[in-house]
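Just below is one structure, and these are the notes that go with it.
For clarity, every value in this text was computed on a predicted model and none was experimentally measured.
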Amino acid sequence: DGCGHTVLGPESGTLASINYPQTSPNSTVCEWEIRVKPGQRVQLKFGDFDIDDSDSCHSSYLRVHNGIGPTRTEIGKYCGFDFQMNGLITSKSNEVTVQFMSGIHTSGRGFFAAYSTTNKSDLITCLENASHFSEPEFNKYCPAGCVIPFADISGTIPHGYRDSSSLCMAGVHAGVVSNTMGGQISVVISKGIPYYEGSLANNVTSKVGLLSTSLFTFKTSGCYGTLGMESGVIPDSHITASSILEWPDQTGQVNTWKPENARLKRRGPPWAAFDSDEHQWLQIDLNKEKKITGIITTGSTLAEYYYYVSAYRILYSDDAQKWTVYREPGVDKDKVFQGNTELYQEVRNNFIKPIIARFFRINPLKWHQKIAMKVELLGCQFSIGRAPKTSMLPQNNNKKNDDFGDDFIHSVKTLLQTDKTTFTPEIKNTTVTPSVTKDVALAAVLVPVLVMVFTTLILILVCAWHWRNRKKKTEGTYDLPYWDRAGWWKGMKQFLPTKSAEHEETPVRYSSNEIGRLRPREVPTMLQTESAEYAQPLVGGIVGTLHQRSTFKPEEGKEASYADLDPYNSPVQEVYHAYAEPLPITGPEYATPIIMDMSSHPSTPLGVPSISTFKAAGNQAPPLVGTYNKLLSRTDSASSAQALYDTPKGQPGPGAADDLVYQVPQSVAHSAGSKDEPS
């Protein structure tokens with residue numbers, strides 16, 4: 001009477017003391033006899049061990065034996081609180097006896113253990129969760145019997161499970177392993193999510209979970225696509241049933257809950273059977289053999305009709321004549337699947353041994369009020385070659401031979417479907433037709449090649465574009481790009497002074513070294529005539545406006561030249577220099593022109609030096625140089641008929657134009673009307 005949770009499978013299993021994980025009762029005993037296939041040995045792993053050792057394992061203990069019966073030999077006797085049993089206990093044969101004895105005690109949870117054959121070197125117990133492992137990916141073997149009432153899981157596929165969930169119990173919920181057989185799991189750890197959904201699947205209820213640092217998912221074959229009930233790929237004519245519920249409503253209209261209504265997530269009523277007995281069925285024709293890995297069901301989904309199926313069997317066939325009831329491997333009775341517990345919730349059940357068939361039947365065994373349901377099938381295309389069936393067997397009416405044929409066909413199917421260790425079935429997307437999947441290998445080669453070709457073309461075009469732009473930047477120093485030649489003067493006008501209505505624009509001269517520092521686009525703005533040492537500001541208006549200091553710095557080794565006054569009247573209009581800002585008032589850094597109003601003085605006698613000079617540093621007057629500078633000045637009087645300046649180049653005389661450009665006064669005496677060139 002001391003046996004607790006126990007599942008003994010042909011290759012693995014789980015066993016626990018009574019009342020685990022609570023304190024085990026006093027004076028109880030349990031003995032488990034474990035057998036595996038001949039030639040194999042048994043390994044035992046403890047997930048928890050907490051047995052009272054107050055009397056040195058005399059009345060409370062766990063004992064493990066090699067063999068079964070009187071000839072068994074003891075491997076070890078164990079007791080202790082929170083006893084850590086590191087490693088595995090391995091038998092010498094294919095049979096093991098485990099004996100638990102509980103004496104008088106006040107505490108102690110008992111034990112929880114798992115076993116498997118020795119070829120499962122990565123065996124874990126049902127108590128292990130993802131937080132016990134540090135690797136981002138790992139493979140483990142789950143024993144049979146990991147659906148235990150005292151373990152919890154949170155989450156569902158494909159979003160993942162909370163890291164506190166039992167790995168093996170989550171594997172059963174996900175349909176990766178069977179609770180009655182156990183199996184291998186491949187786990188991937190990733191970052192957690194804020195919320196984990198709850199669901200019912202494979203007789204395991206997943207609870208809602210909150211944020212966690214990490215979660216885990218399982219690597220699978222990928223054969224879990226929908227087979228066409230919801231999408232309509234399966235036509236209405238391929239969905240049939242044993243009976244159809246019909247009845248008139250209050251308006252006299254007949255309501256018919258036909259088989260084609262049994263499409264998951266389809267609005268409206270479901271399929272419902274007219275009779276409520278265990279002989280009803282819903283049949284789906286998949287048009288050809290498919291690999292079926294699961295089923296999802298709901299109730300009526302209509303609040304006023306609280307109908308649903310709570311348990312059912314699965315049958316399958318290749319010809320719709322001879323049907324096979326689904327059973328789990330190694331189990332000699334029909335598998336009964338848990339259905340819905342209410343009319344809305346989607347409940348999933350997986351076939352750990354996939355079904356290979358064309359025709360699929362659901363046979364309700366339990367229901368609420370009436371048989372009504374909506375379904376969807378999960379799976380993928382099946383393209384593995386099949387061995388001929390009835391054509392390989394002699395045709396006769398001998399029932400024994402018929403049974404032999406069934407066993408042979410079943411063994412062929414099992415060989416093709418369940419040999420997981422040496423054969424991996426080909427998995428294809430359910431939305432791809434078989435004719436298309438034959439070209440997958442060709443597409444896998446062509447697509448990367450096309451991508452590389454297009455990438456190369458794009459790179460060539462980009463390089464050509466950059467080369468063209470770079471070539472444009474290397475155009476001649478005094479040449480403008482074709483797109484800028486027409487409008488360069490418009491852009492320069494905004495930097496030039498405003499000219500008066502009666503005067504021409506004053507030409508400006510630049511030194512050769514200034515031109516060399518300009519960018520190619522700025523060169524056309526230079527009106528080159530003759531070389532000048534440095535440019536003078538453009539000045540207009542009354543004399544008082546000319547008291548600004550020049551900001552043009554002469555080159556090294558050269559002094560500033562003279563600027564003279566204009567003896568003619570001009571309208572008062574200020575024209576500011578367009579190329580440099582005036583220096584601060586604090587003092588001149590370079591030569592500053594000294595301007596005097598000549599309009600109120602008599603003409604200067606010949607031979608007298610010019611009135612306008614440049615002020616140089618120190619008391620010594622600056623020497624004259626042979627450069628040409630010009631200054632446009634305006635006075636309030638035009639009465640002076642004589643001046644000390646030469647006539648501008650190319651002009652007929654002093655009175656030929658209103659706005660004249662004068663040259664620098666000469667260093668020798670001149671007559672009032674001379675037009676000599678500077679030396």
Side-chain angles (χ1 to χ4, degrees), residues 7 9 126 141-147 153 155-161 165-187 197-206 216-230 264 284 286 290-298 309-316 324-331 333-341 345-357 360-363 365 373-382 413-414 417-418 420 424-425 427 430:
V7 175
C126 306
Y141 183 84
C142 289
C146 279
V147 178
I153 64 169
T156 185
I157 55 172
H159 306 296
Y161 297 88
S165 303
S166 166
L167 284 171
C168 295
M169 192 169 174
V172 175
H173 183 272
V176 178
V177 295
S178 166
N179 185 53
T180 58
M181 297 295 297
Q184 198 79 24
I185 60 173
S186 181
V187 182
E197 297 180 358
S199 64
L200 175 60
N202 300 307
N203 204 24
V204 177
T205 300
S206 171
F216 64 90
T217 55
F218 300 97
K219 289 184 178 179
T220 65
S221 63
C223 188
Y224 295 98
T226 57
L227 293 181
M229 285 292 287
E230 178 185 347
L264 190 71
I284 302 171
L286 298 173
K290 299 287 180 67
K291 184 177 182 179
I292 309 168
T293 58
I295 181 175
I296 301 174
T297 62
T298 65
V309 174
S310 57
Y312 56 88
R313 295 188 306 168
I314 296 298
L315 298 88
Y316 55 94
T324 302
V325 181
Y326 181 83
R327 294 180 178 181
E328 290 187 309
V331 180
K333 62 180 181 179
D334 299 343
K335 169 75 173 180
V336 176
F337 295 90
Q338 180 184 358
N340 295 84
T341 57
Q345 185 182 22
E346 294 182 4
V347 176
R348 173 174 47 84
N349 281 288
N350 292 94
F351 311 126
I352 302 302
K353 181 191 74 173
I355 297 173
I356 309 297
F360 186 89
R361 271 190 183 181
I362 305 167
N363 173 214
L365 300 177
M373 64 190 317
K374 296 180 180 181
V375 304
E376 177 62 279
L377 300 182
L378 307 177
C380 58
Q381 302 288 345
F382 180 73
K413 286 187 176 183
T414 304
Q417 301 159 18
T418 61
K420 298 179 181 178
T424 302
I427 304 303
T430 57

- Query: What pair of heavy atoms forms the shortest contact from F382 to K290, and how long is it?
  - Reply: CB-C, 4.0 Å

- Message: Which heavy atom of Y141 sits nearest to which heavy atom of Q184, and what is that distance?
- Response: CD1-OE1, 3.5 Å

- Specify the closest pair of heavy atoms between I295 and F351, including all atoms of both residues, with the distance to one decimal. CG2-CZ, 3.9 Å

- d(I296 CD1, E346 CD) to nearest 0.5 Å is 6.0 Å

- Query: What is the ring orientation for H173 with Y161, classed by angle as parallel under 30°, tilted 30 to 60°, or perpendicular over 60°?
  - Reply: perpendicular

- Message: Quick check: do F216 and S165 have side-chain heavy atoms less than 4.5 Å from each other?
- Response: yes

- Can any side-chain N or O of N202 pair as donor or acceptor with the backbone N or O of N350 at less than 3.5 Å? yes

- Which heavy-atom pair separates F218 from L167 by the least distance, and what is that distance? CZ-O, 3.6 Å

- Item | T297/N340 under side chain to side chain contact (heavy atoms under 4.5 Å, CB included): CA gap, chis, key distance, verdict | CA-CA 7 Å; T297 62; N340 295 84; 2.9 Å; yes

- Task: Answer whether the closest heavy-atom distance between the side chains of I292 and I356 falls below 4.5 Å.
- Result: no

- Message: Pair T298, M373 - check side chain to side chain contact (heavy atoms under 4.5 Å, CB included), show working.
- Response: CA-CA 6 Å; T298 65; M373 64 190 317; over 6 Å; no

- Closest non-hydrogen contact found for T217 with G160 is CG2-CA, 3.5 Å

- Item | Any donor-acceptor pair under 3.5 Å from S178 side chain to T180 backbone | yes

- Do N363 and L315 have side chains that get closer than 4.5 Å, going by heavy atoms? yes

- Plane angle bin for Y326 and F337 - parallel if under 30°, tilted between 30 and 60°, otherwise perpendicular: tilted

- SG (C146) and CE (M169) are apart, to the nearest 0.5 Å, by 9.5 Å

- Message: Once rounded to the nearest 0.5 Å, what's the spacing between atom CG of L227 and atom CG of L378?
- Response: 7.0 Å

- Item | Contact summary for K291 and Q381, nearest pair of heavy atoms | CB-O, 4.4 Å

- Under the side-chain contact (heavy atoms from CB on, under 4.5 Å) test, which residues partner Q338, sequence neighbours left out? L200, N203, T341

- Message: With side chain to side chain contact (heavy atoms under 4.5 Å, CB included) as the criterion, how do I314 and I362 come out once you've worked through the C-alpha distance, each side chain's angles and the decisive distance to 0.1 Å?
- Response: CA-CA 5 Å; I314 296 298; I362 305 167; 4.1 Å; yes

- Task: State which residues pass salt bridge (charged side-chain N to carboxylate O under 4.0 Å, His left out) with K335; sequence neighbours excluded, sorted by chain then number.
- Result: E328

- Straight-line distance of R327 CZ to D334 CG, nearest 0.5 Å: 4.5 Å

- Between CD1 of I153 and OG of S166, what distance do you get to the nearest 0.5 Å? 8.0 Å

- Can you check whether C168 and C142 have SGs under 2.5 Å apart? yes

- Item | Any donor-acceptor N/O pair, E376 side chain to M229 backbone, under 3.5 Å | yes

- Task: Carefully, step by step, assess R348 and T156 under the rule side chain to side chain contact (heavy atoms under 4.5 Å, CB included).
- Result: CA-CA 11 Å; R348 173 174 47 84; T156 185; 4.2 Å; yes

